[in-house]
Structures are given as C-alpha cells and as structure tokens.
Amino acid sequence: MNIKAFLDTLKDRNISLKLEDNSIVISGDNDSITNDVIDQIKSNKSNIIKSLKENNGASGAGAWGGGITVPANGITPQSRTITPAMVPLAELSQAEIDRVVEAVPGGVGNIQDIYALSPLQDGILFHHLLAQKGDPYLIRAQMAFAERDRLDRYLSAVQRVVDRHDILRTAFVWEGLSSPVQVVWRHAPLSITEVELDPAAGPGVEQLRHRYDPSHHRFDLTKAPLLRFVVAKDPEADRWLLQELHHHLIGDRSTVELLNEEIEAILAGREAELPAAEPFRKVVAQARLGISEAEHERYFRERLGDVDEPVLPFGLAEIQGSGEGTVELHRLLPQTLNDRLRGHARRLGVSL
C-alpha cells in the first residue's frame, strides 16, 4: 500500500494519526473511524509508524508534511548579529534584518527566531491592515475573580504559558520589508492595563465590553505577546473583572481552549506534567516548503473549476466595512432538527 496516499485519504476524512511511545493514536469522528480503517492501520502499522517518525510524529488534518525537513534555526542565545543565512525560513536582506532587530526590545539578544508568515497569517494581516478602524480578528473573553490575589495568580500562570510557546511570544514586522515576517521574542512580558470604571455608567462588564469592542479597538501587532489584559474593579460587586484580547494571528478558539487547559494545570501544580511545546516554525516550514503554489492552484482549479459565479449567502455582495450596520438575530432550532443537522455534518466530515 502507498502509505502517503493512505494518510492523505485519512486527512480528507478528518482522521489524524499521532505517534505516542511507538503506538498509533487515532483521532477523528466516530462515523469516520470505521472498522475497515482500523484494520488497514493495524495491517500497515510498521510502515505507518516509520512514516510518522519521518513526519515528526503526526499526520492528518493540518499535520501531514510529506517528509519535509525543517531547516535549523541559526539564531542562538549567544548570537550577537543575525545574517540572512541564519533565517532560512524568511527571505530577508541584511538591511531588512537590521530593521527587524531595531523593532524588537532588547535587539538581537531578545530574538529567538525569524520566519515568514503562513498563508493564513498573510491573509489575516492583510485584513488587519485594510481595516480603517477596529480589527476583524480580535478574540475577546471576560472573567471575574472574587479576590485580586486569585486574578494575579491567574495572570502569572498565563505568563508561564506564554514562556512555553513560541507562537505566544511572536510579534509581526512588515514596515520597510519586502514581505512581512514574524519574530519570536525570547522574553515577552504580558501587557496588563488597569482601568477605573464609572459606577454611574452601568455594569462593569458592559463598560469593558464596549470600551474594547473589536469594531473600534485594535492594538500594536509589532509587540509580543499578542495578548492584552485589562483589569478593573467591578463598581457593582465585590470582585475583579478581567478582559482578555487575543489576536487571531497567533491562534483561534481552539488555541484559547488549550491555553486555558495549561493555565489550569499550572494553577493546580501540574506544570511538570505538560508536554513539551512544539515549535511553530514546523508549521511555517510545512506551509512554505511543502506543496508549491502551482500545485495548490491546480488542486483548487480541479475542485472549483465549474463554479462560474460568486456563492453569496442570501445574495449579499456588499460586505465591506466595519460591520457596524450589522444586525444579529438568534433563533433556537428544534432539538430534532439540530440533531439531524449535526448527524449530517459528522457524516460529511464538515463543520455544522
């Protein structure tokens, strides 16, 4: 059997494989992981394990790298200068590297790595720069703490998670460069702002939500981490409020969930049990050194070649702007219809 073709088939069915202690761990929807799939994995176990080892231990949705060799990072803690040869995942001249170094507090000593953006990050940065005000890619969350000490311990745990993960210590630089790059800082202290809320201006939660609404609020992407925290004493209750802003360039809702899991582990004294963090440069290498743009284009031409007009939800074509004029309506579906829709989504391997 062609193992790569088999793994690609699994990826199309949203099934991923991971190697743990020389055993294969299968992840995916129950409807997709059939007995036939399990039998094929068992009968080709040795070849699959060999392929997974060549691919850094994983395959499947977002992980199959086709045996890509990730070039070594030439920047070390002892580096006093950075040259183009030391950043193989970015195409920068020496003058451009010098511009990047100038943008990082602490200069060369605080730079762990420099690499290009993934295609998805390219698109997100483009829309961030296109927006006249606000930011369409800010993720926000609010929490409340009964005591300030608990809040401070929570933020301390967040800092520990940031220290663990390269992507959470990443800033973005594009001014004066031929193409944007992301820069991993060695040390990226949290940005924590404490504000005073007006007791006469309504609930504190709503005041924070309005003040930091992504439709009009944005922050500097050249400063890591792309996490911002705002602390305020609730004017209506004996508690502390915490507003978190998280940029989509460094993660999504799943990232936030993982971050919260690690925070809980650290607060519970289980930090030593956390697995080693994977370098984000592997993702960039896979995106940049794997399938060529021409191959991507050919694939989508084959899949979408018969589409001859825009597919617009409700025929809406005028979608530019900040979204200020958008009205949201919510309706709960009957449980039976909800269950049927979810069943079809699982069967097709797509999101609801």
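What you see below is based on every heavy atom in this structure, not just the backbone, and it leaves out hydrogens, waters and symmetry mates. Since the structure is predicted, the reported quantities are computational estimates derived from the model, not experimental observations.
Side chains of Asp252 and Thr255: a donor on one and an acceptor on the other come within 3.5 Å. Side-chain contact annotation: Asp166 with Gln112, donor-acceptor N/O pair under 3.5 Å present. For the residue pair Glu264 / Asn260, no side-chain donor-acceptor distance below 3.5 Å is found, with atom types taken as modelled.
Using a 4.5 Å cut-off on side-chain heavy atoms (C-beta onward), Thr336 and Arg340 make contact. Within the 4.5 Å cutoff, the side chain of Pro279 has no heavy atoms near those of the Asp113 side chain. The shortest distance between side-chain heavy atoms of Val173 and Ile114 does not fall below 4.5 Å. Using a 4.5 Å cut-off on side-chain heavy atoms (C-beta onward), Ile250 and Phe280 make no contact. Under the 4.5 Å side-chain criterion, counting only non-hydrogen atoms from C-beta, Val195 is in contact with Arg211.
Between the side chain of Gln94 and the main chain of Ile82, a donor-acceptor pair closer than 3.5 Å is present. Between the side chain of Asn110 and the backbone N or O of His187 there is at least one donor-acceptor pair closer than 3.5 Å. Listed for the Arg218 side chain is no donor-acceptor partner under 3.5 Å among the backbone atoms of Lys133. With hydrogens and angles ignored, the 3.5 Å screen pairs no side-chain donor or acceptor of Arg303 with any backbone N or O of Arg301. Although no hydrogens or angles enter the test, the distance criterion places a donor-acceptor pair under 3.5 Å between the side chain of Gln121 and the main chain of Ser118. For the pair Arg239 (side chain) and Phe145 (backbone), a donor-acceptor distance under 3.5 Å is absent. Here the side chain of Arg228 pairs a donor or acceptor atom with the backbone of Pro225 at under 3.5 angstrom. Formation of a donor-acceptor pair under 3.5 Å by the Gln182 side chain with backbone atoms of Ala116 is found in this model. Arg288 places a side-chain N or O within donor-acceptor distance of the main-chain N or O of Leu117, the cut-off being under 3.5 Å. Side-chain atoms of Gln243 do not come within 3.5 Å of backbone N or O of Arg140 as any donor-acceptor pair.
Going from atom CG of Leu155 over to atom CZ of Arg153 covers 11.5 Å, rounded to the nearest 0.5 Å.
When all heavy atoms of Pro88 and Ala85 are compared, the pair lying nearest together is CD-O, 4.2 Å. Closest approach of Leu241 to Ala144, counting heavy atoms only: CD2-CB, 4.0 Å. Ala103 and Lys223 make their closest contact through O-NZ, 4.0 Å (heavy atoms, listed as atom of the first residue, atom of the second, distance). The two residues His344 and Arg347 come nearest to each other via the heavy atoms ND1-NH2, 3.1 Å. Residues His246 and Leu227 approach most closely at ND1-CD2, 3.1 Å, considering heavy atoms.
Screening Thr81, Thr76, Thr83 for a side-chain hydrogen bond (donor to acceptor under 3.5 Å, both in side chains) involving Ser79 leaves a single residue, Thr76.
Neither Leu258 nor Val256 shares a network with the other; the hydrophobic side chains, linked directly or stepwise wherever heavy atoms of I, L, V, M, F, W or Y lie under 4.5 Å apart, form separate groups for each. Using a 4.5 Å cut-off between side-chain heavy atoms of Ile, Leu, Val, Met, Phe, Trp and Tyr, with links allowed through other members, Val158 and Leu226 fall into the same hydrophobic cluster. By the rule that hydrophobic residues join a cluster once side-chain heavy atoms approach within less than 4.5 Å of another member, Leu242 and Ile192 end up as members of one cluster. If you chain together hydrophobic residues whose side chains sit under 4.5 Å apart, Leu89 and Trp185 never meet in one group. Linking Ile, Leu, Val, Met, Phe, Trp and Tyr whenever their side-chain heavy atoms come within less than 4.5 Å puts Leu245 and Leu221 in one cluster.
Between Asp339 and Arg342 there is no salt bridge, since no side-chain nitrogen of the basic residue lies less than 4.0 Å from a carboxylate oxygen of the acidic one.
Ring geometry for Tyr137 against His247 counts as tilted: the plane angle lies between 30° and 60°, on a 0 to 90° scale.
Other residues, nucleotides and ligands place more than 12 heavy atoms under 6.0 Å from the CZ atom of Arg148. For CG of Asp198, the number of neighbouring non-hydrogen atoms (other residues, nucleotides, ligands) closer than 6.0 Å is greater than 12. In the displayed structure, His296 atom NE2 is contacted under 6.0 Å by more than 12 heavy atoms of other residues, nucleotides or ligands. Within 6.0 Å of CD on Glu196 lie no more than 12 heavy atoms contributed by other residues, nucleotides or ligands. Around the CZ atom of Arg209, the shell of radius 6.0 Å holds more than 12 heavy atoms that belong to other residues, nucleotides or ligands. The number of heavy atoms from other shown groups lying within 6.0 Å of CD (Glu91) does not exceed 12.
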Next on the checklist: Does Ile26 form a side chain to side chain contact (heavy atoms under 4.5 Å, CB included) with Ile15? I'd like the steps, not just the answer.
Outcome noted: CA-CA 7 Å; Ile26 310 172; Ile15 299 173; 3.8 Å; yes
Item to check | Worked check of side chain to side chain contact (heavy atoms under 4.5 Å, CB included) between Val100 and Glu96 | outcome: CA-CA 6 Å; Val100 172; Glu96 289 177 316; 5.7 Å; no
Item to check | Residue pair Lys233, Leu197: steps toward the side chain to side chain contact (heavy atoms under 4.5 Å, CB included) verdict | outcome: CA-CA 7 Å; Lys233 186 74 169 65; Leu197 301 178; over 6 Å; no
Checklist entry - Does the side chain to side chain contact (heavy atoms under 4.5 Å, CB included) test come out yes or no for Phe219 and Asp135, once each step is laid out? => result CA-CA 8 Å; Phe219 58 67; Asp135 193 322; over 6 Å; no
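With Tyr115 as the aromatic partner, Arg281 does not meet the cation-pi criteria of under 6.0 angstrom to the ring centre and within 45 degrees of the ring axis.
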